[in-house]
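Worksheet: one structure, shown below.
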Amino acid sequence: MVGLGTMGAGIAQVCLQAGIPTVGRDVTPELGERATARIDHYLSRGVEKGRMTADEKEGALGLFTTTTDVADFADCDLVVEAVFEDLEVKRGLFGELERVVSREALLATNTSALPVTEIAASIETPDRVVGMHFFNPAPVLPLVEVVRTNLCSEDAYETAVAFVERVGKAPIRCGDTPGFVVNRILIPLLNDCVRVLDEAGVTPEDVDRAMTHGTNWPIGPCALIDLIGVDVHVHASEALWEALREPRMAPPPRLVRMAQAGLLGRKTGRGFFSYA
Ligand SMILES: NC(=O)c1ccc[n+]([C@@H]2O[C@H](COP(=O)([O-])OP(=O)(O)OC[C@H]3O[C@@H](n4cnc5c(N)ncnc54)[C@H](O)[C@@H]3O)[C@@H](O)[C@H]2O)c1
């Protein structure tokens, strides 16, 4: 696992719970320690809630090592990348990984909005590169979009799908199109919900009530944007707008202003709603 932030730590936890020895790399030892502590915390909660035994937790944690050195991936059969959403950073990293791992090893990116093809095409062995798009929080949400590029070998792609099944997740097969499946649907839909606030003169509470009580959504759109992070949503909207030029993809000005003001949702304590 390269990158041990929100997604990387979550994906590492998924692998450990499936009994897969995992090496995690971030840029400093402290970030590795922080990810290990987070995984420990969530596994401990699993023990408290009776989802696993204390021995199973210790067994899972015992499979995890952290490093700052890409060379420590030499024996890995699969490397999943979840570093910053920046094409040049990811391309540089895939170039480094390609030189370290065996020719048979798969390289996967967890990118949400960058073209997997552009990452694959930048290295000498693009046939082993796939998108493996987990959702946040990775240990909780079952879906993984397994993204195929035109350069990907059938064997590599099917191995990636089999891996996702092996770690207990629900894969779907899809092509390398902007937003893949979920974000292509969800982002313009959430943007529409925000535009309705002003158009119909309703409150965030009432838009959320409309969608939870009128269509049985498990969470309202404003609460969902607060959970995703207003900045993350705006960034993803901009990427889809850049790629597709459809007006519904562009972030509504209200969200851009919220991002500028630091009203990012749950993580800053205030977004559409306030959080203690
Ligand atoms: N957060 C989400 O909801 C979500 C959901 C699905 C996919 N994604 C995608 O997952 C990726 C990671 O997102 P995140 O939210 O976990 O980000 P994050 O900022 O929480 O974590 C990124 C981590 O990568 C590390 N990093 C940066 N460069 C590195 C390098 N060269 N080697 C090793 N580590 C490096 C950083 O130190 C940081 O710990 C992005 O591509 C994002 O689009 C995010």
Side-chain angles (χ1 to χ4, degrees), residues 1-14 22-39 42 65-73 76 79-101 107-116 118-119 122 129-147 164 169 171-172 174 176 178-184 186-187 190 219 224-240 242-243 264-268 271:
M1 191 70 231
V2 199
L4 295 173
T6 306
M7 293 308 295
I11 298 166
Q13 183 183 330
V14 168
T22 302
V23 183
R25 185 232 180 182
D26 211 303
V27 290
T28 66
E30 292 72 31
L31 288 168
E33 284 159 23
R34 202 178 67 179
T36 308
R38 259 189 59 194
I39 295 171
Y42 286 119
T65 51
T66 61
T67 181
T68 56
D69 189 354
V70 174
D72 289 333
F73 289 126
C76 292
V79 182
V80 182
E81 167 276 313
V83 304
F84 301 135
E85 188 76 334
D86 180 299
L87 186 59
E88 287 320 310
V89 171
K90 290 188 194 277
R91 285 176 140 185
L93 186 63
F94 273 68
E96 271 184 81
L97 290 170
E98 181 179 44
R99 289 189 289 276
V100 167
V101 299
L107 301 177
T109 174
N110 187 50
T111 182
S112 299
L114 298 170
V116 178
E118 286 194 38
I119 299 170
S122 70
V129 176
V130 296
M132 207 179 262
H133 188 215
F134 288 78
F135 287 75
N136 185 21
V140 177
L141 292 180
L143 181 67
V144 179
E145 294 171 333
V146 186
V147 182
V164 169
K169 294 291 172 187
I172 60 166
C174 63
D176 187 21
F180 312 130
V181 176
V182 170
N183 284 337
R184 170 68 180 79
L186 185 64
I187 285 174
L190 291 178
I219 181 172
L224 182 56
I225 293 172
D226 276 356
L227 187 67
I228 292 167
V230 173
D231 54 335
V232 172
H233 177 81
V234 166
H235 188 262
S237 292
E238 281 165 350
L240 276 184
E242 286 291 324
L264 305 183
R266 280 181 181 266
K267 62 186 165 192
T268 56

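Every number for a ligand or one of its atoms is a count from 1 in the order of the listing. Side chains are part of it too, since the values below use all heavy atoms of this structure and drop only hydrogens, waters and symmetry mates.
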Identify all pairs of nitrogen or oxygen atoms, one from ligand 1 and one from the protein, separated by less than 3.5 Å, and list them with distances.
unit_1	atom_1	unit_2	atom_2	d
ligand 1	3 (O)	N136	ND2	3.4
ligand 1	8 (N)	S112	OG	3.2
ligand 1	10 (O)	N110	ND2	3.0
ligand 1	16 (O)	T6	N	3.3
ligand 1	16 (O)	M7	N	2.8
ligand 1	20 (O)	T6	N	3.0
ligand 1	20 (O)	T6	OG1	3.2
ligand 1	32 (N)	R25	NH1	2.9
ligand 1	37 (O)	D26	OD1	2.6
ligand 1	39 (O)	D26	OD2	2.6
ligand 1	41 (O)	V83	O	3.4
ligand 1	41 (O)	E85	OE1	2.5
ligand 1	41 (O)	K90	NZ	2.7
ligand 1	43 (O)	E85	OE1	2.9
ligand 1	43 (O)	E85	OE2	3.4
ligand 1	43 (O)	S112	OG	3.3

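A pairwise comparison of heavy atoms in V101 and F73 identifies CG1-O, 3.5 Å as the closest pair.
Distance alone, capped at 3.5 Å, places no donor-acceptor pair between the R34 side chain and the L4 backbone. Side-chain atoms of K90 do not come within 3.5 Å of backbone N or O of E81 as any donor-acceptor pair.
Not a single ring pair (Phe, Tyr, Trp, His ring centres under 6.0 Å) links H233 to another residue, sequence neighbours left out.
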Practice prompt. Begin from the C-alpha positions of I11 and M132 and carry the test side-chain contact (heavy atoms from CB on, under 4.5 Å) through to its verdict.
Written response: CA-CA 10 Å; I11 298 166; M132 207 179 262; over 6 Å; no
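For the pairing with I228, the side chain to side chain contact (heavy atoms under 4.5 Å, CB included) check across V230, V232, D231 returns one residue only, V232.
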